[in-house]
Amino acid sequence: MNDASQLEVPLGDKVLDRDTSGPAQREGNSDRLFQYGVMAFLVILMMMMIVPFWNVVAVAFSGPIASMARGIILWPREFSAEGFRIVWVNLNLQQAFINSVIVTTIGTVLHVALSCFAAYVLIQRNLPGKTIMLVFILATMAIPGELIMIPLYIVNKQLGLLNTLWALIFSGMISGFSILLLRNFFAGVPYDLAESAKIDGASDFRIFRSIYLPLSQAGIATIALFELVSRWNQFLPVILYINDSSKYTLQVALNALVTENLGTSGTSMVTPNVRMAGIVIAILPLVILYPFMQKYFVKGITLGSVKE
Amino acid sequence: MLRHTTRTMRSHAWLYVMILPVIAYFLIFVYYPLYQGAASSFQEFKLLGTAEWIGTENYLEVWQDGTFWQVVKNTLLIGGGILVFGFFPPIMVALALNEAATLLFKKLAQTTVYLPHLFSWVVIGGMWIFLLSPGGGLINELLALINVGPVRFLTNTTWARATMIGLPIWKDMGYAAIIYLASITSINPSLYEAARIDGASRFQQMYQITLPLLKPTMKVVFMLNILGLLRIFDQIFVMRNPVVQGGIDVIMTYVYDMGIQRYELGFASAISVMVLLTTLLLTAIVWRITGFGRDD
């Protein structure tokens, strides 16, 4: 894309010489140099992000012996999908994958539904007790889940939820953050619309279903996608509440696989292609989802910078 | 008046039904655990049978525990490192994205930089354990090209700490960059127009208009990152190994080890209470400085 114009760009101290040679000249050349600098920076940055993943994929598709050999692997050596078969069938990652799908699906649906309900209630005008409920919900945002992991473990034990997928579904099922974000979306729906529906005799729930939900689709999609990702990546709750390996989710099963020190255990020899195949399986659903998220994630992040 | 209120409440009964699960959930999974945690910190748990009240003994034990102070030090070192060294990269990324020549290139770069943030620490940690391995990992193979290494990134305490600082910066750079980018987009274009007329170069515009106007966002991001400091868990849990564990274990991994692995629930709760109180105090300070929560 850069033709001869690139040759015109002065380098080194010549730039400084040019800088004093007049506004018009200075603008053109230094701007172009600046542009190239920016491009170079971004290209290096993209490589820093992509090359590690590229390497992982290349190793995942390599043969078992070839994946252990030294050297930079940027293309599968002795191409083979053997790693995927071993990790999926022999190491039974499929069970963990299914558990993750169950927890993610149920968890996300409940999260979105309950957040919508709460957000709708919290935008009502003149509802007795609204302020108290709002404070009650917002205050939970000051308490990060990690910091109460021990009492949460005790509570789940008291409720008999340990070693059940329900413990994982309940963990983070509702967040003040999502409710607040949806409440902002709902507040953007003209209140007059709801008011006139009410005069026509529509019930509160009817107004919620027929006016608020359809008009807040972008907000609901944002919440759903972010919840989906964080559900899929859920880790701490699983190692807190689950002991039974048949109930492990993908992340925890994968953790046992990829963090084991290479070759030190002696009992099992899991070759790199198998480990990397596990990683590819874990990121694949998110990679597929990513293009659909694009539309919403900038909005979600900027609205939700409170969360992290 | 009271009758009127009751009537309003009854006519909106559905609304209360709708919010009931949320209220119940927070009572059971946030407020009750808060009480439970505070209570446990004054109790000793037996493997069989119930807990026994022992006063402030757990707190004294924590205070006198050498490992506790070591993990506090590790948390401050690693968390502080992320805070300091992770501050400028997202700003640079956002500025560069903003200056990208074409929209397509900008979109592509933004998508790529955000990618690692999408994945769990198990994925990122597992991947980097492999990439950083001294026996054939990509990074050491690259270093070998310039005759450096092999570096024991994860079995030497200093290197392991540096890695624990570097990786989250790499992972979350794109995330923070988007916050900055959004704030850049909201800058009034006429400022740049005026600067152009005065003959300012693109670089000067960036340095003298964009950057100063990002200051409020920088403050917010920095403050929020302080709150994240004490919560570091996943990355350490996934990437630690017995060789460097003493040097990179943080408060939260210690809480997990003591509470869940060793079943010292009272001791672990006492640490949790202290961390939680510190966090609440920091949150209050942060909210005051950044002006959060003022609109509600």
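First the proteins, then the strands, lettered A, B, ... as listed; each starts at 1. Only this structure's heavy atoms are used, side chains among them; waters, hydrogens and symmetry mates stay out.
- Between chain B and the residues A:Ile148, A:Leu254, A:Leu152, A:Val229, the largest count of heavy-atom pairs under 4.5 Å involves A:Leu152.
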Open item on the list: Using side-chain contact (heavy atoms from CB on, under 4.5 Å), reason through A:Leu159 and B:Phe29 one step at a time and then give a plain yes or no.
Closed with: CA-CA 11 Å; A:Leu159 294 173; B:Phe29 290 103; 4.1 Å; yes

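- Annotation: maximal heavy-atom pairing with chain A below 4.5 Å, among B:Val273, B:Thr283, B:Leu138, occurs at B:Leu138.
- In terms of non-hydrogen atom pairs under 4.5 Å with chain B, the most contact-rich of A:Phe136, A:Phe205, A:Phe235 is A:Phe136.
- Proximity to chain A (any heavy atom under 4.5 Å) is restricted, for B:Ile124, to the side chain, taken from C-beta onward.
- In this structure, chain A has a heavy atom under 4.5 Å from the side chain of B:Met206, while its backbone stays farther away.
- Contact check for A:Thr259 versus B:Val122: no side-chain heavy atoms found under the 4.5 Å cut-off.
- The greatest number of non-hydrogen atom pairs below 4.5 Å with chain A, out of B:Leu145, B:Leu154, B:Thr111, is found for B:Thr111.
- Considering only heavy atoms from C-beta on, A:Gln251 stays 4.5 Å or farther from B:Trp121 through its side chain.
- Of the inter-residue distances, the one linking A:Leu127 atom CG with B:His12 atom NE2 reads 6.5 Å to the nearest 0.5 angstrom.
- Defined by atom type and a distance below 3.5 Å, a donor-acceptor pair is present between the side-chain atoms of A:Gln158 and B:Tyr32.
- Distance check, rounded to the nearest 0.5 Å: CE of A:Met49 to CE of B:Met173 gives 3.0 Å.
- Among the candidates A:Thr131, A:Ile154, A:Leu114, the residue making the largest number of heavy-atom pairs closer than 4.5 Å to chain B is A:Ile154.
- Contacts of B:Pro134 with chain A are made by backbone atoms alone, with heavy-atom separations under 4.5 Å and no side-chain atom involved.
- Options B:Ala38, B:Ala96, B:Gly37 differ in how many heavy-atom pairs under 4.5 Å they form with chain A, and the most are formed by B:Ala96.
- Between B:Thr279 and A:Leu147, some side-chain heavy-atom pair lies under the 4.5 Å cut-off.
- The distance from atom CE of A:Met149 to atom OG of B:Ser269, rounded to the nearest 0.5 Å, is 10.5 Å.
- Using cut-offs of 30° and 60° for the angle between ring planes, the B:Phe203 and A:Phe34 rings count as perpendicular.
- Between chain A and the residues B:Arg240, B:Glu141, B:Lys106, B:Met258, the most heavy-atom pairs under 4.5 angstrom are made by B:Glu141.
- Interface remark: A:Ser171 contributes backbone atoms only to the contact with chain B (heavy atom separation under 4.5 Å).
- With a 4.5 Å cut-off on non-hydrogen atoms, B:Leu280 touches chain A through its side chain but not through its backbone.
- By the 4.5 Å heavy-atom criterion applied to side chains, B:Phe237 and A:Asn255 are counted as neighbours.
- When all heavy atoms of B:Asp234 and A:Leu236 are compared, the pair lying nearest together is OD1-CB, 4.3 Å.
- No close placement of the B:Tyr256 and A:Tyr153 rings is indicated, their centers lying 6.0 Å or farther apart.
- Chain A forms more heavy-atom pairs under 4.5 Å with one residue of B:Phe233, B:Phe119, B:Phe105 than with any other, namely B:Phe119.
- Of the listed residues A:Phe117, A:Phe208, A:Tyr120, A:Phe53, the one with more heavy-atom pairs under 4.5 angstrom with chain B than any other is A:Phe53.
- Between chain B and the residues A:Ile72, A:Val38, A:Leu45, A:Ile239, the largest count of heavy-atom pairs under 4.5 Å involves A:Ile239.
- When the shell of 6.0 Å around CG of A:Leu284 is examined, it contains more than 12 heavy atoms from other residues, nucleotides or ligands.
- Ranked by heavy-atom pairs shorter than 4.5 Å toward chain A, the options B:Tyr16, B:Tyr35, B:Trp14 are led by B:Tyr16.
- Atom CG in B:Leu276 sits 6.5 Å away from atom CD1 in A:Ile143 (nearest 0.5 Å).
- The greatest number of non-hydrogen atom pairs below 4.5 Å with chain B, out of A:Ile179, A:Ile50, A:Ile137, is found for A:Ile137.
- The main-chain N or O of A:Pro52 is never found under 3.5 Å from a side-chain atom of B:Trp128 such that the two would form a donor-acceptor pair.
- Judged by distance alone, the side chain of A:Asp31 and the main-chain N or O of B:Arg202 form a donor-acceptor pair under 3.5 Å.
- Residue B:Leu97 touches chain A through both its backbone and its side chain, counting heavy-atom pairs closer than 4.5 Å.
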